[in-house]
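For reference, the structure discussed in these notes is given below.
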Amino acid sequence: MKMDRKHMSAFSLYETLRSDEPPPAKKPSPPVQVEKKKKKKKDKAAPAANENPSKAQLRAKKKKLKKKLLKASHREKLQAVTAGNEEVEDCVTGDSLDAVLTELTKVNNSRIRARTLFQWLIRPIPDRDFFREMWEQKPIFVQRNNPDYYKGLFSTAEFDRILREENVQYGVNLDVTSYINGRRETHNPPGRALPFTVWDFYDSGCSIRMLNPQAFSSTVWNVLSILQEQFGSMAGANVYLTPPGTQGFAPHYDDIEAFVIQLEGKKHWRVYNPRSEDEVLPVLSSPNFDQSEIGKPILDVVLEAGDLLYFPRGFIHQGNCLPSAHSLHITISSYQKNSWGDLLQKIVPAALEIAMEEDVEFRRGLPLDYLTYMGVQHSDQDNTHREKFLARVKTLMKKLPDYAPVDAAVDQKAKEFFHDCLPPVLTPDELATSAQGAPARWEGGKVQDVGVQVTTQTQIRILRAGCARLGSDGDTVHLYYTAENSRVYHKEELKSVEIQTEHTEAIEFLIHSYPNFVTVGSLPCDSTQDRIALAELLFEKGIIHTAEPLSPQIA
């Protein structure tokens with residue numbers, strides 16, 4: 001990139017902190033690499049016999065050690081991924097969701113855990129085939145003839161329990177809808193959705209939609225919290241309960257990738273192609289369509305319990321209940337606002353700001369007379385001035401990639417994703433070895449087992465592959481994390497902890513070492529005290545856990 005980092009006010013600090021790492025092979029020119037090598041040789045000059053090693057030399061040794069450890073970790077991770085591919089084949093044979101979730105608690109790597117669950121979700125389609133041939137391309141229907149395949153994910157009994165025990169609000173957590181004679185209506189009264197009213201609506205032929213079942217169902221929460229790591233994007237869900245012989249929604253398309261999982265009863269689905277190229281993978285969901293606007297369906301199927309229907313964003317769909325049975329399904333969704341265009345919306349303004357600071361061509365004034373030949377009123381004119389003007393715009397646009405802070409823009413997308421994320425559901429082992437399962441308690445009239453003993457020999461790792469990420473606001477470095485997120489969408493602000501600049505290497509080391517445990521003593525910090533203090537901070541925030549349960553401190 002042709003940029004001076006001192007001008008990158010929004011992203012400078014973190015990029016500067018990373019600048020001493022070995023550069024990528026393709027980006028820097030050979031002369032820059034030679035210069036850096038010479039500089040390293042100079043830094044590594046041997047100290048005089050009567051002098052102690054300088055801090056620079058100690059840092060150089062520490063970086064060399066870190067590089068070796070990271071290479072070893074990378075090899076182990078590649079082996080883990082290879083083993084994980086086989087593990088996916090083995091772990092999707094569970095006969096029930098409960099069995100699969102139980103097996104997943106034994107999977108050591110959260111990335112493999114996510115892929116395994118997704119593979120089970122779409123079985124028998126191999127996940128590689130799905131993402132290569134179907135994802136964002138075409139709908140699929142998986143018919144299983146196994147009504148218990150998704151049993152335990154959600155049920156009408158669970159729906160009823162939630163209405164009775166939880167504070168479910170109309171318009172926030174639940175919608176009452178109908179679609180009769182081509183007219184879609186919402187019938188939400190104000191206030192809490194109590195069983196007395198909700199079931200009366202249902203008995204009158206209205207459909208009931210629960211908007212965020214993960215806030216009330218621990219199983220849905222668990223499934224979504226695992227799948228969000230598969231997608232690298234928020235995984236959400238809605239539950240739909242439809243009376244026999246009715247339809248709750250008009251034909252429409254959505255701005256998400258949708259996985260419709262039939263839980264109870266039956267539902268007749270029709271799926272239609274996007275009406276034009278403009279509606280392929282749309283940015284926003286559509287309004288309601290009239291039947292005359294959507295043509296003929298490309299998929300016309302009946303989902304029974306245990307079946308799956310997937311359709312990409314932009315595919316128009318509608319579902320109606322058969323007269324013979326009610327329908328309960330859950331739609332799992334992801335990839336909302338997660339396109340190349342969404343990323344470029346962050347990159348281009350930042351690149352333009354940098355270009356204007358560093359390249360005089362972007363700061364030169366517009367032609368004095370450009371208003372006389374540019375603009376809509378002049379767009380039909382054949383004018384050499386217009387041609388030159390447009391050519392100049394294209395030239396400047398072609399230069400923008402040289403100033404594009406791509407990694408920093410990706411970090412901004414990652415921050416949004418972290419805010420969207422559900423908190424992880426801890427396995428029994430993770431609970432026993434994390435701050436959430438620490439033995440501190442009130443017993444016998446006093447506090448027992450307060451505090452835990454972290455030593456240099458304590459083995460630690462981050463809780464999930466995707467639960468923590470370094471970033472910068474321009475002035476300070478923050479570690480963003482999901483452990484304290486809410487099950488209710490954006491109920492809490494994005495969580496982060498400020499990281500001292502000298503500790504960023506240790507954080508990176510932990511992140512890149514996953515799924516391996518490392519000792520606190522191996523963290524690349526300046527002192528033992530810093531290593532232990534950093535580990536205690538991360539443990540307290542729920543970002544890391546230990547290989548074995550920690551013992552309480554002895555007074």
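Here, residue 1 is the first one in the sequence, and each next residue gets the next number. Values below: all heavy atoms of this structure, side chains included; hydrogens, waters and symmetry mates excluded.
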### Message
Test your reading of the model: is there a side-chain donor-acceptor pair from Asn273 to the backbone of Phe315, 3.5 Å cut-off?
### Response
no
#### Entry: Atom pair CG/OG1 of Asp254 and Thr331 - distance to nearest 0.5 Å
8.5 Å
### Task
Output yes when a side-chain donor or acceptor of Arg113 lies under 3.5 Å from a complementary backbone atom of Leu104, and no otherwise.
yes
### Message
Treating Thr482 as the side-chain partner and Cys421 as the backbone partner, does any N or O pair qualify as donor plus acceptor under 3.5 Å?
### Response
no
### Query
Do NZ/NE/NH1/NH2 and the carboxylate oxygens of Asp129 and Arg132 come within less than 4.0 Å?
yes
### Task
Evaluate the side-chain contact (heavy atoms from CB on, under 4.5 Å) criterion for residues Leu174 and Gln169: first the C-alpha distance (whole Å), next the side-chain angles of each, then the deciding distance (0.1 Å), finally the verdict.
CA-CA 6 Å; Leu174 187 140; Gln169 293 287 314; over 6 Å; no
#### Entry: Interatomic spacing from OH in Tyr514 to CZ in Arg111 - rounded to 0.5 Å
7.5 Å
### Query
Does the side chain of Asn108 come under 3.5 Å of the side chain of Arg461 through a donor N or O and an acceptor N or O?
yes
#### Entry: Name of the residue among Leu308, Val271, Asp307 meeting side chain to side chain contact (heavy atoms under 4.5 Å, CB included) with Phe141
Asp307
### Query
Going by an N to O cut-off under 4.0 Å, is there a salt bridge joining Glu416 and Lys346?
yes
### Query
Hey, does the side chain of Thr116 reach the backbone of Ile112 with a donor-acceptor pair shorter than 3.5 angstrom?
yes
### Message
Is any side-chain heavy atom of Lys138 closer than 4.5 Å to one of Ile298?
### Response
no
#### Entry: Side chain Ser334, main chain Met234, donor-acceptor under 3.5 Å
yes
### Validation row: Asn338, Leu343 side chains within 4.5 angstrom (heavy atoms)
no
### Query
What is the minimum heavy-atom distance between Gly466 and Phe418, and which atoms define it?
O-CZ, 3.3 Å
### Query
Is the side chain of Thr177 donor-acceptor paired with the backbone N or O of Gly248 at a distance under 3.5 Å, no angle test?
yes
### Task
Answer yes or no: is there a side-chain heavy-atom contact under 4.5 Å between Leu422 and Gln214?
yes
### Task
Could you go through the side-chain contact (heavy atoms from CB on, under 4.5 Å) check for Arg184 and Asn288 one step at a time?
CA-CA 8 Å; Arg184 155 82 158 80; Asn288 295 328; 3.4 Å; yes
### Ion pair Lys399/Asp359, N-O distance below 4.0 Å
yes
### Task
Might you work through the salt bridge (charged side-chain N to carboxylate O under 4.0 Å, His left out) test for Arg469 and Asp411, ending with a clear yes or no?
CA-CA 8 Å; Arg469 187 181 182 93; Asp411 282 343; 2.8 Å; yes
### Query
Using the ring of each side chain (for Trp, its six-membered ring), is Trp269 parallel, tilted or perpendicular to His329, with breaks at 30° and 60°?
perpendicular
### Task
Mind telling me whether Tyr310 and Phe130 have parallel, tilted or perpendicular rings, with 30° and 60° as the class edges?
perpendicular
### Message
Evaluate Tyr272 against Lys296 for side-chain contact (heavy atoms from CB on, under 4.5 Å), listing each step before the verdict.
### Response
CA-CA 7 Å; Tyr272 308 76; Lys296 295 182 179 180; 5.7 Å; no
### Message
Can you tell whether the side chains of Glu357 and Arg363 come within less than 4.0 Å, N to carboxylate O?
### Response
no
### Query
Any sub-3.5 Å donor-acceptor pair from Tyr150's side-chain atoms to Leu121's backbone N or O?
yes
### Query
Which heavy atom of Ser225 sits nearest a heavy atom of Gln228, and at what distance?
O-CG, 3.3 Å
### Query
Sub-3.5 Å donor-acceptor pair from the side chain of Arg386 to the main-chain atoms of Tyr373, do we have one?
yes
### Query
Should Glu484 and Glu492 count as side-chain neighbours, where that means a heavy-atom distance under 4.5 Å?
no
## Note on the structure
All heavy atoms of Glu293 vs all of Arg275, minimum pair found to be O-CD, 3.3 Å
### Task
Find the distance between CG (Leu352) and CG (Leu400) and round it off to the nearest 0.5 Å.
6.0 Å
#### Entry: Close side-chain approach of Arg364 and Leu366, heavy atoms under 4.5 Å
no
### Query
Between Glu361 and Arg392, does at least one N-O distance fall below 4.0 Å, as a salt bridge requires?
yes
### Query
Is it true that the side chains of Asn485 and His419 contain a donor and an acceptor less than 3.5 Å apart?
no
### Task
Search all heavy atoms of Tyr179 against all heavy atoms of Ala250 and return the closest pair with its distance.
CE1-CB, 3.4 Å
#### Entry: Test: Asp255 and Lys337 ion pair at under 4.0 Å
no
### Task
Heavy atoms only: give me the nearest Pro282-Tyr253 pair and the separation to one decimal.
CG-CE1, 3.4 Å
### Query
Among Gln230, Glu229, Arg464, which one satisfies side-chain hydrogen bond (donor to acceptor under 3.5 Å, both in side chains) with Ser110?
Glu229
### Summary
Output for pair (Ser496 OG, Lys415 NZ), nearest 0.5 Å, gives 7.5 Å
### Summary
Here the gap from Ile354 atom CD1 to Asp402 atom CG, rounded to the nearest 0.5 Å, amounts to 11.5 Å
### Query
Is a donor on one side and an acceptor on the other found under 3.5 Å between the side chain of His503 and the backbone of Thr501?
no
### Task
Please examine the side chains of Ser486 and Val488, heavy atoms only from C-beta on, and report whether any two atoms are closer than 4.5 Å.
yes
### Task
May I ask you to check whether over 12 heavy atoms, not counting those of His478, lie within 6.0 Å of atom NE2?
yes
### Query
Are any non-hydrogen side-chain atoms of Arg487 and Pro423 less than 4.5 angstrom apart?
yes
### Query
Should the heavy atoms of other residues, nucleotides or ligands under 6.0 Å from CD of Gln291 be counted, would the total exceed 12?
yes
### Task
Compute the centroid of each ring, for Tyr240 and then for Phe249, and state whether the two points are separated by less than 6.0 Å.
yes
### Task
List the steps and the verdict of side-chain contact (heavy atoms from CB on, under 4.5 Å) for Val280 and Asp278.
CA-CA 6 Å; Val280 173; Asp278 293 340; over 6 Å; no
### Task
Without swapping roles, check the side chain of Asp530 against the backbone of Cys525 for a donor-acceptor pair under 3.5 Å.
no
### Query
Minimum heavy-atom separation for Leu309 to Ile140, with atom names?
CD1-O, 3.3 Å
### Task
Answer yes or no: does atom CD of Glu277 have more than 12 heavy-atom neighbours from other residues, nucleotides or ligands under 6.0 Å?
no
### Side-chain H-bond candidate by donor/acceptor type, Ser292 with Asp290, under 3.5 Å
yes
### Query
Any idea how Phe231 and Tyr335 line up, ring-wise: parallel (<30°), tilted (30 to 60°), or perpendicular (>60°)?
perpendicular
### Message
I'd like to check Leu344 versus Ser339 (side-chain heavy atoms, cut-off strictly below 4.5 Å). Are they in contact?
### Response
no
### Task
Could you walk me through whether Phe311 and His317 pass the ring pair (Phe, Tyr, Trp, His ring centres under 6.0 Å) test, one step at a time?
CA-CA 9 Å; Phe311 44 82; His317 54 276; 4.2 Å; yes
